[in-house]
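First listed ligand is number 1; within each ligand, the first listed atom is number 1. Residue numbers count from 1 along this sequence. All values below come from the heavy atoms of this structure, side chains included, with hydrogens, waters and symmetry mates left out.
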Amino acid sequence: MGYAMKSIAIVFIGLVFFSCKSKIEKVKPNIIFIMSDDHAYQAISSYGSQLIETPHIDRLANEGILFSNACVANSICAPSRATILTGKHSHINGKIDNRFPFDTNQITFPQIFQDNGYKTAMFGKLHFGNNPKGVDEFMILPGQGSYINPRFITPEGDTVINGYVTDVITDLSLDYLKREGGGDEPFMMMYLHKAPHRPWWPRPDKFREFAAKTFPEPETLFDDYKGRGSAARSAEMNLLKHMMYGHDSKIRPELIAEMGDKAQPIVPEFKNSFWGAYNRSTDEQKAQYEPVLDSINDYFAAHWPNMTDEEKMKWKYQRYMQDYLGCISSIDDNVGRLLDYLDESGLAENTIVIYTSDQGFYLGEHGWFDKRFIYDESFKTPLLVRWPGVTKGGSVENEMVQNLDFAQTMLEMAEIQAPDDMQGESLTPLLKGDKDSWTREAVYYHYYEYPAVHMVKRHYGIVTKDFKLAHFYYDVDEWELYDRLKDPKELNNVFHDPDYQETVKSLKQQLLELRVLYKDSPELDQKFISKYESLN
Ligand code: SGN
Ligand code: CA
């Protein structure tokens with residue numbers, strides 16, 4: 001063979017090799033991890049919502065799988081995110097509450113994706129106080145971020161983007177997909193909504209639309225907490241007593257002043273920060289909100305002096321749902337925009353889409369808003385997964401799965417070895433419809449942030465499909481047991497009921513074993529208490 005022929009042959013072999021290699025890489029699926037902040041499963045129609053239709057999120061259920069028993073390991077924002085990123089419980093990754101800083105020496109799953117040839121990106125809310133590792137590009141909100149004209153932290157410095165936060169985070173994510181989605185390497189993108197976090201500010205058009213709606217009340221709106229322990233009675237998340245007329249229900253400062261003591265609760269920090277998000281609006285944006293704000297305030301001004309506590313509770317519930325669900329509606333529209341783009345671009349075929357929330361939320365059940373408790377509304381979280389060609393559309397799975405499992409699941413989907421010290425289990429057998437290899441019977445839960453906003457006491461517990469056993473500690477020593485099948489609303493603590501003593505004994509033993517398995521202990525509880533107290 002002459003020199004020229006030899007060169008051609010080498011180039012040809014090289015090309016064949018290169019295209020095979022890129023084919024191998026191409027086979028790896030792209031992953032889009034969508035997470036909202038405080039999205040209750042009760043506000044997703046595929047979960048049977050009585051409150052709202054979410055047709056776009058529902059597509060993921062129809063074309064994938066819905067987990068009806070997905071839960072978190074610690075029902076609060078930053079700890080949930082730390083568990084998701086590290087695949088470890090709070091007491092191991094160290095991010096036990098919103099106050100402690102995240103230890104950036106922890107290995108997070110995006111770093112592992114990045115090390116294994118994936119392009120990685122993160123857009124939206126992280127809430128760590130430090131920047132993410134393992135992402136090629138990011139634009140994240142500082143702390144909780146703002147609904148209107150949000151500021152973003154980027155590797156190149158801060159920038160403000162005008163618009164409504166849910167739309168803006170979607171624009172950033174779509175822009176990334178357009179730039180990076182078509183290349184040879186697969187991508188893993190985290191698309192993280194700020195909504196529907198308190199204080200709830202919908203986009204002006206949704207504000208108008210939802211303020212005109214009336215929603216069905218939950219059966220337990222007027223819960224008196226009899227039959228529960230002292231933690232439920234002392235928590236500060238009751239709509240009547242703790243939801244604020246200004247900050248939450250959007251009553252103007254002048255009217256609050258007129259109400260005087262009757263506008264309780266008002267905490268000093270909120271007296272000066274009415275409608276923080278709204279104050280970021282331009283005059284043009286304000287003009288869109290004003291007519292609705294006027295009609296809310298006019299109605300309340302005319303009625304409040306004669307309203308009973310029961311009527312105030314009902315009014316606050318409606319105001320809450322109008323704003324919360326208005327925020328959800330924008331999330332659903334934007335998930336729709338993203339799914340449409342995946343279809344149009346052809347990316348849908350090889351892209352896994354996951355939808356979840358950092359925890360559940362109370363939508364008036366037990367008279368509450370917020371989260372934190374091991375009780376179902378805050379313990380459970382939505383989880384929908386569309387894995388093209390693998391997961392059968394319309395599947396529903398009721399096994400106990402947890403946010404602890406997400407990192408290992410995504411790594412296994414991408415055929416990347418997960419580190420041995422991650423504490424979850426890959427959900428891929430369930431996603432493939434292979435239930436036989438799934439053996440988990442119980443999950444472990446531990447909440448720490450107390451004393452703090454909403455005053456939910458420290459507790460840990462075990463949850464099986466049938467029962468929930470929790471130990472509240474620190475300033476109390478109380479146990480609660482709920483029969484999940486007979487008492488799904490968790491109204492009766494049967495811990496002291498003679499009929500349940502065998503169950504108590506066996507669950508206490510299983511809880512002890514779980515504490516050992518996950519390396520939690522009374523010594524660690526004490527260590528975190530000391531650390532927490534030293535911060536105050
Ligand atoms: C803020 C909220 C609380 C909420 C925490 C934690 N108040 O303090 O209601 O429980 O965040 O939420 S508000 O000023 O935003 O109205 S978390 O999702 O970040 O854990
Ligand atoms: Ca949250």
What is the ring orientation for [X] with [Y], classed by angle as parallel under 30°, tilted 30 to 60°, or perpendicular over 60°?
X    : Y    : answer
Y320 : W200 : tilted
Y147 : Y164 : parallel
H446 : Y448 : parallel
F100 : F528 : perpendicular
H459 : Y447 : tilted

side-chain contact (heavy atoms from CB on, under 4.5 Å) partners of [X], counting only residues at least two apart:
X    : value
I148 : S281, Q285, Y289
M455 : E236, Y450, P451
K519 : I92

From Q359, H247, K371, H454 - option closest to atom 14 (O) of ligand 1 by heavy atom: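 Looking at heavy atoms only, the winner is H247.
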
Within ligand 1, which atoms have a heavy atom of [X] less than 4.0 Å away?
X    : result
C77  : 17 (S), 18 (O), 19 (O), 20 (O)
D37  : 18 (O)
H127 : 19 (O)
D370 : 4 (C), 9 (O), 10 (O)

For ligand 1, the portion of N98 having any non-hydrogen atom under 4.0 Å away: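 Looking at N98 and ligand 1, just side chain atoms fall under 4.0 Å.
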
For the Ca ion (ligand 2): protein N/O/S atoms at distances below 3.0 Å: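 Protein N, O or S neighbours of the Ca ion (ligand 2) under 3.0 Å, waters not counted, come to 5.
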
Short N or O distance, R198 and ligand 1, threshold 3.5 Å exclusive: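 So ligand 1 has an N or O lying under 3.5 Å from an N or O of R198.
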
Test of proximity, H197 against ligand 1: N or O pairs below 3.5 Å: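 Yes; the residue has a nitrogen or oxygen that sits under 3.5 Å from a nitrogen or oxygen of the ligand.
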
Heavy-atom closest contact (V456 atom, K371 atom, distance):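 Here V456 and K371 meet closest at CG2-O, 4.5 Å.
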
Close approach of R372 to ligand 1, heavy atoms, under 4.0 angstrom: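 Flag set, R372 near ligand 1.
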
Derivation of the salt bridge (Lys or Arg N to Asp or Glu O under 4.0 Å) call for R99 and D97: CA-CA 5 Å; R99 299 178 179 193; D97 60 29; 5.5 Å; no

